[in-house]
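Protein chains get the first letters and strands the later ones, always in sequence-line order, with residue 1 at the start of each.
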Amino acid sequence: MGEPRQVYVEELSQHVGQEVLIQGWLFNKRSSGKVRFVIVRDGTGWVQGVVTPAADEETFELAERLPQESSLRLWGVVRADARAPGGFELDVRRIQPIHIPKEPFPIGLKEHGVGFLMDHRHLWIRMGKQVPLLRIRDAVLWAIRDFFKRRGFVATETPILVGTSVEGTTTLFPLDYFGRQAFLSQSGQLYLEATCLALGKVYWIGPVFRAEKSKTRRHLTEFWMAEAEVAFLEHEGNLTLQEELVRHIVEAVVAERARELAQLKRDPEVLLAQVREPFARVTYAEAVEIVNAHGVEMSYGDDFGAPAEDALSAHFGRPVFVERFPAKIKPFYMKRAPDDPQVALCADLIAPEGYGEIIGGSQRVDTEEELLAQLEEYGLPREPYEWYIDLRRWGSVPHSGFGLGVERTVAWIAGTRHIRETIPFPRLLDRLYP
RNA sequence: UCCCCGGUAGCUCAACUGGCAGAGCAGCCGGCUGUUAACCGGCGGGUUGGAGGUUCGAGUCCUCCCCGGGGAGCCA
């Protein structure tokens, strides 16, 4: 026999009848006198251990005394049991405490308010929905990397510290850079355009920062974007790439994280059905009519507000691309449609079920003349963009790209209404702790 | 920045038109051989967010401030 093997809760099905060692934390305990139950979590799942006087005296005593979130090693024999939520239980032989808290764990098993939970985010992430949610986030990020890797994209990086804004309109976090003004990047796109002319197909996944005073369930001040940029790719191909990426993410998460989706009561069939068909595609002008038909007022030239996005997502019931926005409500770097210079060759992808815009993308301006004209049109200074203009001076090619909001994508797939739970430590207006 | 709601025990909440501040959970003590947010009995626990005001009397009404939540705008 020898020493019992150390295993994780998610591996228990492979060890029925064997004695194993689980290392984890006491999530909860219950007692019926001579039968005591300890629920232990280890990051991969939860399992109930059954402690009876058959265990040694100290272990039997610990099963009654250990407070919530004690860390411990637990030796027991794995047994399949229909009564166990996960299908398996442990008949406990021995418990060895590693750390016994001196004070009650702040987060109980009963309900708490959001403010309290956010103040204890560092402890909240151990609880309930948070673990499967963060495991789904992990799967989403790996699915993105896997998708691009398989297609020969080069993973690259863009700077976080920048000297100028990418999109003139959005608010930036300023900071002092050795006496000069610098900002936290709000998008890696412009740099990715340069990199794609070096490497062909590139992507990066990283944090971006928006100093908007947004207080909604869809906004963070620090969030993660997966951005891609492809040389020689035009608008149509850009949409196809985005659609294939999103479909791949959903299929990969459903395949790899079925257990977590079940814990979150998210029906994988609903997700698969949403991405099975080709995504809907409408022009901005058509979208405005659909939105108005749903009783949400907006006129041509307005950007879509949250109610408008919700109307669109309700109308289609699957992801929908909104193409060809009026150029004046989109950033300076987007290429104009050859048949209508008033509209940009761009698209936003609106997620189903009201999870909002998850992708913004476009074909980029590719001639120096157009770029200079558009910088001027937007009232932007030329100097900080000289390097960007250079890209159109030497070997410019048609190129396109997009940015996918990781947290909104996770929220949609996990079926979690508020984006704050899709990242371990959300940064929100008025919330910088912990 | 604007609009709405809230702040009472460690947590979640109650307390009528102003009249003795209460319950569940958590904690502590005890009971229970299959519990599933276990259950049963007992005990302790409060500057009612802060400052000022009205009143015989304020958790409750008024003013200002602070904090939190929801939403809008903007965006991914």
Side-chain angles (χ1 to χ4, degrees), chain A residues 27-39 46-54 60 63-65 67-69 79 81-86 89 91 101-120 123-124 127-128 166-167 169-172 186-189 207-227 242 298 302-310 329-331 348-351 355-361 402-412 417-420 422-423 428-431 433:
Chain A
F27 186 72
N28 190 18
K29 63 179 194 288
R30 292 181 277 266
S31 169
S32 183
K34 294 291 185 290
V35 183
R36 296 170 184 175
F37 304 94
V38 289
I39 293 90
W46 294 261
V47 66
Q48 174 165 277
V50 184
V51 190
T52 67
F60 187 63
E64 183 74 25
R65 300 288 166 202
Q68 187 187 358
E69 287 303 308
R79 174 169 45 74
D81 193 313
R83 290 170 293 188
E89 281 190 343
D91 288 319
K102 294 184 177 64
E103 291 174 48
F105 191 63
I107 302 177
L109 300 173
K110 300 268 179 173
E111 58 201 279
H112 294 284
V114 172
F116 176 83
L117 289 170
M118 288 298 290
D119 285 339
H120 296 82
L123 302 175
W124 183 26
M127 308 296 291
V166 173
E167 307 177 16
T169 55
T170 322
T171 329
L172 295 161
Q186 60 190 314
S187 164
Q189 183 204 309
V208 294
F209 307 86
R210 303 277 166 96
E212 292 153 3
K213 300 208 167 179
S214 304
K215 278 189 63 155
T216 82
R217 63 192 167 87
R218 293 167 170 166
H219 288 86
L220 299 171
T221 53
E222 174 183 301
F223 65 97
W224 283 62
M225 278 227 282
E227 301 187 274
Q242 293 168 39
M298 72 175 285
D302 294 345
D303 212 335
F304 296 101
E309 282 181 0
D310 292 350
I329 59 170
K330 286 292 178 185
D348 286 356
L349 182 65
I350 313 292
Y355 287 95
E357 183 189 340
I358 53 171
I359 292 182
F402 61 90
L404 174 141
V406 171
E407 288 75 18
R408 286 187 186 175
T409 303
V410 173
W412 163 43
R417 193 172 156 74
H418 203 299
I419 199 173
R420 67 182 156 224
T422 63
I423 185 169
L428 298 151
L429 183 67
D430 297 328
R431 203 171 264 292
Y433 176 95

How would you label the contact of A:Ala84 with the nucleic acid (heavy atoms, under 4.0 Å): base, sugar-phosphate, or nothing?
-> nothing
Can I get a per-line list of side-chain donor-acceptor pairs under 3.5 Å for residues 218-226 of chain A, giving both atom names and the distance, sequence neighbours left out?
| unit_1 | atom_1 | unit_2 | atom_2 | d |
| --- | --- | --- | --- | --- |
| A:Arg218 | NH2 | A:Asp310 | OD1 | 2.5 |
| A:Arg218 | NH2 | A:Gly354 | O | 2.8 |
| A:His219 | ND1 | A:Thr216 | OG1 | 2.6 |
| A:Thr221 | OG1 | A:Arg427 | O | 3.1 |

Could you list the residues that satisfy side-chain hydrogen bond (donor to acceptor under 3.5 Å, both in side chains) with A:Glu69, not counting sequence neighbours?
-> A:Arg41, A:Arg126
Polar atom pairs between nucleotides 27-33 of chain B and protein, under 3.5 Å, N or O only, would you list them?
| unit_1 | atom_1 | unit_2 | atom_2 | d |
| --- | --- | --- | --- | --- |
| B:C32 | N3 | A:Gly33 | N | 3.3 |
| B:C32 | N4 | A:Ser31 | OG | 3.4 |
| B:U33 | OP2 | A:Lys34 | N | 3.4 |
| B:U33 | O4' | A:Ser32 | O | 3.4 |

Quick one: the dot-bracket string of RNA chain B, using Watson-Crick and G-U wobble pairs with both distances under 3.5 Å, [ ] for crossing pairs and | for bases paired to another strand.
-> (((((((..((((.....[..)))).(((((.......))))).....(((((..]....))))))))))))....
Which residues pass the side-chain contact (heavy atoms from CB on, under 4.5 Å) test with A:Arg30, sequence neighbours left out?
-> A:Asn28, A:Phe37, A:Ile39, A:Gln48
What residues form a salt bridge (charged side-chain N to carboxylate O under 4.0 Å, His left out) with A:Asp91, not counting sequence neighbours?
-> A:Arg79
Quick one: list whatever passes side-chain contact (heavy atoms from CB on, under 4.5 Å) with A:Glu111, sequence neighbours left out.
-> none
A:Lys215/A:Asp430 salt bridge by N-O under 4.0 Å criterion | no
Quiz item: A:Glu111 side-chain donor-acceptor pair to B:G24 base, under 3.5 Å | no
For nucleotides B:G71 and B:C13, find the distance between their C1' atoms and express it as a whole number of Å.
-> 24 Å
Between A:Lys330 and A:Asp348, is there a side-chain N and carboxylate O pair less than 4.0 Å apart?
-> yes
So which one's nearest nucleotide on RNA chain B is more toward 5', A:Gly305 or A:Thr221?
-> A:Gly305
In whole angstroms, the gap separating C1' of B:G71 from CD of A:Glu212 amounts to 16 Å
By side-chain contact (heavy atoms from CB on, under 4.5 Å), which residues pair with A:Lys29, not counting sequence neighbours?
-> A:Leu26, A:Val38
Can you check the A:Phe105 CZ to B:A37 C1' distance for me, whole Å?
-> 15 Å
Gap in Å between the two C1' atoms, one belonging to B:U33 and one to B:A26, rounded | 26 Å
Length of the CG-C1' vector between A:Leu123 and B:G10, whole Å = 14 Å
Distance, P atom - from B:G27 to B:C11, rounded to whole angstrom | 15 Å
Touch class at under 4.0 angstrom, heavy-atom based, for A:Leu220 against every strand present | base
base_contact_polar (B:C75 base, A:Ser214 side chain, donor-acceptor, <3.5 Å) | no
For nucleotides 68-70 of chain B, list the nitrogen or oxygen atoms of the protein found under 3.5 Å from its nitrogen or oxygen atoms, one pair per line.
| unit_1 | atom_1 | unit_2 | atom_2 | d |
| --- | --- | --- | --- | --- |
| B:G68 | OP1 | A:Asp430 | O | 3.2 |
| B:G68 | O3' | A:Arg431 | NH2 | 3.3 |
| B:G69 | OP1 | A:Arg431 | NE | 3.4 |
| B:G69 | OP1 | A:Arg431 | NH2 | 3.4 |
| B:G70 | OP1 | A:Arg420 | NH1 | 2.7 |
| B:G70 | OP1 | A:Arg420 | NH2 | 2.7 |
| B:G70 | OP2 | A:Arg420 | NH1 | 3.4 |

Which value, in whole Å, describes the distance between the C1' atoms of nucleotides B:G57 and B:U1?
-> 41 Å
By ring pair (Phe, Tyr, Trp, His ring centres under 6.0 Å), which residues pair with A:Phe304, not counting sequence neighbours?
-> A:Tyr284, A:Phe325
Go through the N and O atoms of the side chain of A:Arg408 and the base of B:C75, and report whether any donor-acceptor pair is under 3.5 Å.
-> yes
Pairwise C1' distance, B:G24 and B:G19 [rounded to whole Å] = 27 Å
When the C1' atoms of B:A14 and B:C56 are considered, how many whole Å apart are they?
-> 27 Å
Could you tell me whether A:Glu227 contacts a base, only the sugar-phosphate backbone, or nothing, with contacts defined as non-hydrogen atoms closer than 4.0 Å?
-> nothing
Answer with yes or no whether A:His112 presents, from its side chain, a donor or acceptor under 3.5 Å of a partner atom in the base of B:C11.
-> no
A:Ile359 CD1 - B:C75 C1' separation (whole Å) | 15 Å
What integer number of Å spans the C1' atoms of B:G59 and B:U17?
-> 16 Å
Taking the side chain as C-beta and beyond, is there a heavy-atom pair between A:Pro53 and A:Arg36 under 4.5 Å?
-> no
What pairs with A:Leu117 under side-chain contact (heavy atoms from CB on, under 4.5 Å), at least two apart in sequence or on another chain?
-> A:Ile107, A:His112, A:Trp124
Can you check whether A:Phe37 stacks with the B:G34 base, using ring centres under 5.5 Å and planes within 30°?
-> no
Nearest-0.5 Å distance that lies between atom OH in A:Tyr433 and atom NE2 in A:His120 | 7.5 Å
Can you tell me how far P of B:A37 sits from CD of A:Glu69, to the nearest Å?
-> 17 Å
Using whole Å, report how far CG of A:Leu172 lies from P of B:C74.
-> 18 Å
Phosphate-side-chain proximity, A:Lys213 and B:U1, N/O vs OP1/OP2 below 4.0 Å = yes
Report which part of the nucleic acid A:Glu103 touches: base, sugar-phosphate, or nothing (heavy-atom distance under 4.0 Å, all strands).
-> nothing
Value rounded to 0.5 Å, distance of CZ in A:Phe60 from OG in A:Ser31 = 7.0 Å
Which part of the nucleic acid does A:Glu309 contact within heavy-atom distance under 4.0 Å: base, sugar-phosphate only, or nothing?
-> base
For atom CZ of A:Phe304 and atom P of B:A72, their distance in whole Å | 16 Å
Atom CZ of A:Arg30 and atom C1' of B:U35: how far apart are they, to the nearest Å?
-> 6 Å
Just checking A:Gly356: base, sugar-phosphate only, or nothing, at a heavy-atom cut-off of under 4.0 Å?
-> nothing
Can you tell me how far C1' in B:G69 sits from the matching atom in B:U35, rounded to whole Å?
-> 36 Å
Sequence neighbours excluded, which residues qualify as side-chain hydrogen bond (donor to acceptor under 3.5 Å, both in side chains) partners of A:Arg217?
-> none
